[in-house]
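Report on the structure given below.
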Amino acid sequence: MLHRAATLLGCGLAIGVAACATKEPDAASGTSAVSVAPPPIMRPATPDNSACPRDGTWKPCALEDRISKAGMVAKVLDSVRVPFLKAPGVRYRIGKEARMVVFFLPDSAAGVKAIDGLDPLRLTPRGDSLGAWPAPPREVIRSANLIAVLFDVNATQAERVRLAITAGAPLTNPALMLAPTDTQTVRKLPPMSAK
């Protein structure tokens, strides 16, 4: 029985490989040549990858992975500096025309402090009618240590980016989490009773 299952699995793999190959006529000899499908495209480093640290904060690799999983492509264009934020921003192109500037701060407290006193809709100093942006922002999104400013996005793109970011910062790697110390106590909940 085990031998038959292995044989069927082997046949299935052979059929899959044959289905991916196509015969194309060879112009020089008049015969058919077999071509194989191109290799898959590599995705950016993801939170599952050791190249993208999983410490509970936003990193460019985690954001790019989240945007990719939302069905869009975020391509890095360049870096940007604005006078009222200390951290440099990373400018992305989303799709064909949409733009997003993202600021990665050390932690969520720095994120709160960075936007304190700024207009929450335009991410400019309050009362600033000109601003440092080339166009009025469509939306400003903050999540933990990340601040994103969206430009030239349509409603669908804005919603997808907002949902991808506001789902929360990337999870911490469980191996990095520390066990409770003597000063921390683990409280156990009392058992529930059915009513």
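Numbering starts at 1 and runs along the sequence shown.
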How many angstroms lie between CG in Leu85 and CG in Leu105, if you round to the nearest 0.5 Å?
-> 7.5 Å

Can you name the closest pair of heavy atoms from Trp58 and Ala164 and give their distance?
-> CH2-O, 4.0 Å

Given side-chain contact (heavy atoms from CB on, under 4.5 Å), test Phe104 with Leu146 step by step and report yes or no.
-> CA-CA 5 Å; Phe104 297 97; Leu146 177 143; 3.7 Å; yes

Would you give the length of the straight line joining atom CD1 of Ile165 to atom CZ of Arg66, rounded to the nearest 0.5 angstrom?
-> 9.0 Å

When you check the gap from the basic side-chain N to the acidic O, do Asp152 and Arg99 get nearer than 4.0 Å?
-> no

Lys113 bridged to Asp116 by N-O distance under 4.0 Å | no

Between Glu64 and Tyr92 the two heavy atoms that sit nearest each other are OE2-OH, 3.1 Å

Rounded distance (nearest 0.5 Å) linking atom OG of Ser108 with atom CZ of Arg142 = 7.0 Å

Do Ile94 and Val73 pass the side-chain contact (heavy atoms from CB on, under 4.5 Å) test, and can you show the C-alpha distance, the side-chain angles, and the key distance before you say yes or no?
-> CA-CA 6 Å; Ile94 300 173; Val73 176; over 6 Å; no

Same hydrophobic cluster for Val76 and Val149, using side-chain heavy-atom links shorter than 4.5 Å among ILVMFWY?
-> no

Dump the intermediate steps for side-chain contact (heavy atoms from CB on, under 4.5 Å) on Val161 and Met72, then the final yes or no.
-> CA-CA 9 Å; Val161 171; Met72 299 176 292; 3.5 Å; yes

For Trp133 and Val101, run side-chain contact (heavy atoms from CB on, under 4.5 Å): C-alpha distance rounded to whole Å, both residues' side-chain angles, the deciding distance at 0.1 Å, then the answer.
-> CA-CA 10 Å; Trp133 306 115; Val101 177; 4.3 Å; yes

